[in-house]
2 protein chains.
Amino acid sequence: MRGCGQSPMNGLNLGLDIWNRSVLNVPMNRGRPKSFCPEQALESAMQVFWQRGYEATSLQDLLAATGLSKSSLYQTYPSKQAWFEAAFTRYCQHRQALLIESLEQASSPLEYIRGRLLGVLDDDGLDGIPRGCMLVNVANEFSLNQPEILSLTKQATEGFSQVLGAALKRAQAVGELSAQADTEALGFYLQAVISGLRTQVKSGVSAQRIASTVDLVMSQLR
Amino acid sequence: MRGCGQSPMNGLNLGLDIWNRSVLNVPMNRGRPKSFCPEQALESAMQVFWQRGYEATSLQDLLAATGLSKSSLYQTYPSKQAWFEAAFTRYCQHRQALLIESLEQASSPLEYIRGRLLGVLDDDGLDGIPRGCMLVNVANEFSLNQPEILSLTKQATEGFSQVLGAALKRAQAVGELSAQADTEALGFYLQAVISGLRTQVKSGVSAQRIASTVDLVMSQLR
DNA sequence: CTTTTTTAGGACTGATCAGTCCATATTTTG
DNA sequence: CAAAATATGGACTGATCAGTCCTAAAAAAG
């Protein structure tokens with residue numbers, strides 16, 4: 001059972017790995033190959049951390065979600081913390097890539113933004129229970145005393161804000177938004193609104209109420 | 001050592017307690033009196049839950065923060081969960097009371113709102129590390145599968161939103177806000193913005209950036 | 001005083017926590 | 001084939017988890 005390549009490296013390094021082997025005469029990995037796909041395991045770990053948060057996720061949860069043995073788990077990343085950081089990094093990268101991709105496909109930038117705002121309403125997890133945005137969850141679970149996590153949340157928040165800012169720039173180009181608008185500032189503003197709405201969703205505020213706030217926010221964007 | 005009255009009841013019931021004793025001839029409490037103040041213990045418990053969240057707070061933390069013995073802890077509330085719910089309820093009540101009080105003292109309703117928005121910047125905990133708003137923390141830590149918690153977060157979110165809505169009504173009365181504005185909708189909107197800004201603060205976004213978002217939001221309120 | 005009632009201290013519980021270690025299995029290399 | 005290298009399963013660790021229980025202390029009531 002091999003599944004997804006035998007390199008323990010992640011997707012980005014796989015190419016280099018193959019290149020090394022074929023061109024530089026670096027030998028193939030010796031020893032028993034992994035019986036799991038590290039990428040897939042990380043994805044599963046991310047899902048469970050997303051759903052439950054860091055503290056509430058036990059190693060047992062991680063083992064069950066990934067299907068790995070304890071040895072394989074600790075050989076892939078050396079601690080629960082390391083798994084979490086890798087999973088969270090993956091989440092941020094994927095989310096930002098998705099955001100950018102759907103922006104590129106969007107016909108109307110403002111409708112794209114409305115879609116991002118309304119998106120807070122469909123974030124159901126595996127069991128149908130909303131799990132919110134992992135970035136929002138993580139930022140609020142940790143205090144600011146963990147530098148590595150803080151660095152990740154800051155970077156992701158700024159990244160998301162910039163994508164929203166880019167959407168607003170396109171809105172200006174298309175004539176949907178005043179050329180005087182400060183798109184960078186509005187990007188951070190919208191990111192805050194989205195985070196706030198996600199918190200309200202998790203607080204039990206009705207979908208109707210959320211939707212009308214979205215209308216209000218959109219009506220202010222001119 | 002008595003400290004703050006010998007009734008194990010909380011503040012609201014203390015009056016009834018005394019009344020029962022004096023009017024209904026109910027005898028005074030027999031037995032050894034508590035050597036701690038339940039109100040004060042709850043306040044301490046609230047602080048530590050606020051700072052660390054539910055999962056990350058251990059019973060040891062709770063014992064250390066309150067100074068209680070394990071027996072007293074479990075006699076006051078029967079579980080960690082019960083302590084948490086009591087502490088969170090206390091937080092919500094106190095916060096809402098503070099919000100209302102400072103609204104009543106405010107001269108300019110819009111400046112009051114600006115103050116609430118900028119307030120996200122000074123939420124330092126005991127050790128100087130921002131701990132955010134407990135409501136935001138709690139809403140994001142728990143998934144929606146805990147009915148009691150959900151009920152508390154929903155109620156608090158709506159309560160805070162309504163106070164903001166009331167401030168906006170006063171702004172209309174004073175002429176600071178258009179009479180056409182939907183103050184209820186704007187109240188929920190502002191509550192979302194505040195939650196979002198708190199998340200950004202915990203994500204490491206700079207105070208300067210937060211402040212300029214506050215300016216942006218205020219400039220939209222007309 | 002004795003009795004009754006409540007609180008407090010702290011030993012104790014079984015479960016679970018994150019993490020280690022080692023023997024065995026499975027592969028490539030030579 | 002044998003040797004080397006890596007992966008796996010799972011037993012094992014000490015620490016900590018939330019929570020229980022029992023005994024002693026301290027107060028009011030009679």
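The chains referred to below are lettered A, B, ... by the order of the sequence lines, with proteins before strands, and numbering in each begins at 1. Nothing here was measured: the structure is a model prediction, and the numbers come from that model.
- In this structure a side-chain-to-backbone donor-acceptor pair under 3.5 Å is missing from B:Y54 to B:F84.
- Between B:L63 and B:L68, the closest heavy-atom pair is CD2-O, 3.5 Å.
- Looking at every heavy atom in both residues, A:Y74 comes nearest to A:P78 through CD2-O, 3.4 Å.
- Atom pair A:L73:CG and D:dA7:P shows a separation of 14 Å (rounding to whole Å applied).
- For the pair A:S35 and D:dT8, the criterion of a side-chain N or O lying under 4.0 Å from OP1 or OP2 is met.
- Look at CG on A:L63: it is 12 Å from P on D:dG10, rounded to the nearest Å.
- Proximity of a side-chain donor or acceptor of B:N137 to a complementary backbone N or O of B:R131 within less than 3.5 Å is detected.
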Could you go through nucleotides 18-22 of chain C and list every protein N or O atom that sits under 3.5 Å from one of its N or O atoms, giving the distance for each pair?
unit_1: C:dA18; atom_1: OP1; unit_2: A:T57; atom_2: O; d: 3.4
unit_1: C:dA18; atom_1: OP1; unit_2: A:L59; atom_2: N; d: 3.3
unit_1: C:dA18; atom_1: OP1; unit_2: A:K80; atom_2: NZ; d: 3.2
unit_1: C:dA18; atom_1: OP2; unit_2: A:L59; atom_2: N; d: 2.7
unit_1: C:dG19; atom_1: OP2; unit_2: A:Y74; atom_2: OH; d: 3.2
unit_1: C:dG19; atom_1: OP2; unit_2: A:K80; atom_2: N; d: 3.0
unit_1: C:dG19; atom_1: O5'; unit_2: A:Y74; atom_2: OH; d: 3.4
unit_1: C:dG19; atom_1: N7; unit_2: A:K70; atom_2: NZ; d: 3.2
unit_1: C:dG19; atom_1: O6; unit_2: A:K70; atom_2: NZ; d: 2.3

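- The 12-atom threshold is exceeded at CD of B:Q96, counting heavy atoms of other residues, nucleotides or ligands nearer than 6.0 Å.
- Contact check on A:E184 versus B:R209 returns a salt bridge, with a Lys/Arg side-chain nitrogen under 4.0 Å from an Asp/Glu carboxylate oxygen.
- Note on B:S69: every side-chain N or O is 4.0 Å or more away from OP1 and OP2 of C:dA8.
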